[in-house]
Enquirer: 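Encoded as structure tokens, here's the structure I'll be asking about.
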Amino acid sequence: SDVCSSDLEAKADKAVWTLNAEFVSPTQSVAVTRVTASVEEIVKYLNAGGIANDSIEFGSLSAYGQEEFVNGASTGRITSYRASRSVTVRTEDVETVKKLSTNLGTLIATGVSVSNYGPQYYVSKLSDLRPELLEQAVRDAQVRAEAIVAATGGKVGNVLSVRSGPFQVTSPDSVDTSAGGFYDTSTIDKTITSTVTVVFKVKS
């Protein structure tokens, strides 16, 4: 048997980017008002940067009281209210998302309270690449097997079995792997690796 892997360079074609507007105030209505205004400014920023409204999703607006604690115990008194709402972008325009995420500081500088969890970049047609990766890995395994068996004077016969391992989707030049498969979503450029174990019949 022989174990061989194949690599394929790919680019992400889908981005999911979540931003969270939040504000803390002694008054609940003020916290909610400020968050609502921040969400409006976030949408304006996204629209101006090229993101259409149909690519934007909104989470529920939440507001809850924050209790006062003295010596680790709650006094039961509410000291402030934290309001928040998420704004999520889902688009195939990964380059625009990258640019807007990098330049988000210009929005924050205007006083908008927003947390940036960073875009997640995906290869949406990963399953379509599987046949090409497996074919390449099996072909490489056969070449290696033939080189090894040739040294003993034998010949590589038919393939008896092929077992594929999980995909490893990493950033370029990364060595990250996982037994269950690794998927790095932090970069647009990716390296997709597939590993196969091939068992050949050896003829003397």
Side-chain angles (χ1 to χ4, degrees), residues 10-127 167-172 174 176 178 180-192:
K11 280 187 176 291
D13 58 355
K14 180 181 178 182
V16 179
W17 182 29
T18 298
L19 301 165
N20 193 58
E22 59 182 9
F23 194 81
V24 177
S25 171
T27 307
Q28 185 177 31
S29 60
V30 171
V32 169
T33 298
R34 291 294 296 271
V35 164
T36 300
S38 291
V39 168
E40 291 176 354
E41 291 302 315
I42 291 170
V43 172
K44 287 180 183 177
Y45 174 76
L46 294 173
N47 289 161
I51 301 297
N53 283 332
D54 61 4
S55 296
I56 302 173
E57 299 175 3
F58 301 97
S60 299
L61 176 63
S62 65
Y64 61 91
Q66 299 187 121
E67 296 182 13
E68 176 185 60
F69 283 83
V70 176
N71 297 325
S74 172
T75 65
R77 188 171 76 91
I78 300 298
T79 59
S80 62
Y81 293 86
R82 178 183 295 274
S84 65
R85 191 176 194 188
S86 64
V87 179
T88 301
V89 175
R90 298 179 189 275
T91 179
E92 296 177 356
D93 193 348
V94 295
E95 293 295 343
T96 292
V97 167
K98 181 179 180 181
K99 179 181 177 181
L100 289 173
S101 176
T102 302
N103 296 332
L104 191 64
T106 60
L107 178 63
I108 296 173
T110 66
V112 175
S113 179
V114 57
S115 299
N116 179 11
Y117 295 111
Q120 306 295 301
Y121 300 106
Y122 300 91
V123 178
S124 66
K125 298 179 180 179
L126 188 59
S127 60
F167 278 172
Q168 311 292 337
V169 182
T170 63
S171 57
S174 171
D176 290 323
S178 170
F182 188 87
Y183 203 131
D184 186 304
T185 61
S186 65
T187 61
I188 293 176
D189 293 313
K190 301 183 186 299
T191 299
I192 304 173

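No experiment lies behind these values; they were computed from the predicted model shown.
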Enquirer: Just checking, is any N or O donor in the side chain of Ser86 or Thr18 under 3.5 Å from an acceptor N or O on the other one?
Expert: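 Not at all, the side chains of Ser86 and Thr18 share no donor-acceptor pair under 3.5 Å.
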Enquirer: Do Thr91 and Val97 have side-chain heavy atoms sitting under 4.5 Å apart?
Expert: yes
Enquirer: Evaluate the side-chain proximity of Asp13 to Lys11: yes if any heavy-atom separation is below 4.5 Å, no if none is.
Expert: no
Enquirer: Distance-only check: which donor-acceptor pairs under 3.5 Å involve side-chain atoms of residues 105-113, not counting sequence neighbours?
Expert:
| unit_1 | atom_1 | unit_2 | atom_2 | d |
| --- | --- | --- | --- | --- |
| Thr106 | OG1 | Asn103 | O | 2.8 |
| Thr110 | OG1 | Leu107 | O | 2.5 |
| Ser113 | OG | Glu22 | O | 2.6 |

Enquirer: Looking only at heavy atoms, which two atoms of Leu100 and Gly49 are closest? And how far apart?
Expert: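 Here Leu100 and Gly49 meet closest at CD2-CA, 3.7 Å.
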Enquirer: Compile the donor-acceptor pairs under 3.5 Å between side chains in residues 28-40 and protein atoms, sequence neighbours left out, one pair per line.
Expert:
| unit_1 | atom_1 | unit_2 | atom_2 | d |
| --- | --- | --- | --- | --- |
| Thr33 | OG1 | Ser29 | O | 2.8 |
| Thr36 | OG1 | Val32 | O | 2.9 |
| Ser38 | OG | Arg34 | O | 3.1 |

Enquirer: Could you tell me which residues satisfy side-chain hydrogen bond (donor to acceptor under 3.5 Å, both in side chains) with Ser186, sequence neighbours excluded, listed by chain and number?
Expert: Asp184
Enquirer: Taking all non-hydrogen atoms of both residues into account, name the closest pair between Asn47 and Ala52 and its distance.
Expert: ND2-C, 4.2 Å
Enquirer: Quick one: list whatever passes ring pair (Phe, Tyr, Trp, His ring centres under 6.0 Å) with Tyr64, sequence neighbours left out.
Expert: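 Checked Tyr64 against ring pair (Phe, Tyr, Trp, His ring centres under 6.0 Å); zero matches.
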Enquirer: If you define the side chain from C-beta out and look only at heavy atoms, does anything of Trp17 sit under 4.5 Å from Gln120?
Expert: no
Enquirer: According to ring pair (Phe, Tyr, Trp, His ring centres under 6.0 Å), who are the partners of Phe23, at least two apart in sequence or on a separate chain?
Expert: none
Enquirer: Not counting sequence neighbours, which residues clear side chain to side chain contact (heavy atoms under 4.5 Å, CB included) with Glu92? List them please.
Expert: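 Applying side chain to side chain contact (heavy atoms under 4.5 Å, CB included) to Glu92 gives none.
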Enquirer: With a 4.5 Å cut-off on side-chain heavy atoms, are Lys98 and Tyr121 touching?
Expert: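 Touching, per the 4.5 Å side-chain cut-off.
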Enquirer: Can you tell me how far OG of Ser55 sits from CG of Leu46, rounded to the nearest 0.5 angstrom?
Expert: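 Here the rounded value is 10.0 Å.
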Enquirer: Using side-chain heavy atoms (C-beta onward) and a distance below 4.5 Å, is Ile56 in contact with Thr88?
Expert: no
Enquirer: What I'd like to find out is whether the side chain of Arg85 reaches to under 4.5 Å of the side chain of Asn20, using heavy atoms alone.
Expert: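 Arg85 does not reach Asn20 side chain to side chain.
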Enquirer: Can you check side chain to side chain contact (heavy atoms under 4.5 Å, CB included) on Ile192 and Gln168, steps first, answer last?
Expert: CA-CA 6 Å; Ile192 304 173; Gln168 311 292 337; over 6 Å; no
Enquirer: Do Ile51 and Tyr45 touch side chain to side chain, with heavy atoms closer than 4.5 Å?
Expert: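 Ile51 does not reach Tyr45 side chain to side chain.
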Enquirer: Can you measure from CG (Asn116) to OG (Ser101) and round to the nearest 0.5 angstrom?
Expert: 4.0 Å
Enquirer: A side-chain contact here means heavy atoms from C-beta on lying under 4.5 Å apart; do Tyr117 and Leu19 qualify?
Expert: no
Enquirer: Specify the closest pair of heavy atoms between Val123 and Tyr183, including all atoms of both residues, with the distance to one decimal.
Expert: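 Distance-wise, the nearest heavy atoms are N-OH, 2.9 Å.
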Enquirer: Run the numbers on Ile42 and Val114 for side chain to side chain contact (heavy atoms under 4.5 Å, CB included), then give the verdict.
Expert: CA-CA 8 Å; Ile42 291 170; Val114 57; 3.7 Å; yes
Enquirer: Could you go through Thr27 and Tyr81, starting from their C-alpha distance and side-chain angles, then the distance that decides it, and tell me whether this counts as side chain to side chain contact (heavy atoms under 4.5 Å, CB included)?
Expert: CA-CA 6 Å; Thr27 307; Tyr81 293 86; 5.8 Å; no
Enquirer: For Thr170 and Thr191, does a side-chain donor sit closer than 3.5 Å to a side-chain acceptor?
Expert: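 No, no side-chain donor-acceptor pair sits under 3.5 Å.
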Enquirer: Please lay out, stage by stage, how Tyr122 and Thr185 fare under the test side chain to side chain contact (heavy atoms under 4.5 Å, CB included).
Expert: CA-CA 6 Å; Tyr122 300 91; Thr185 61; 3.5 Å; yes
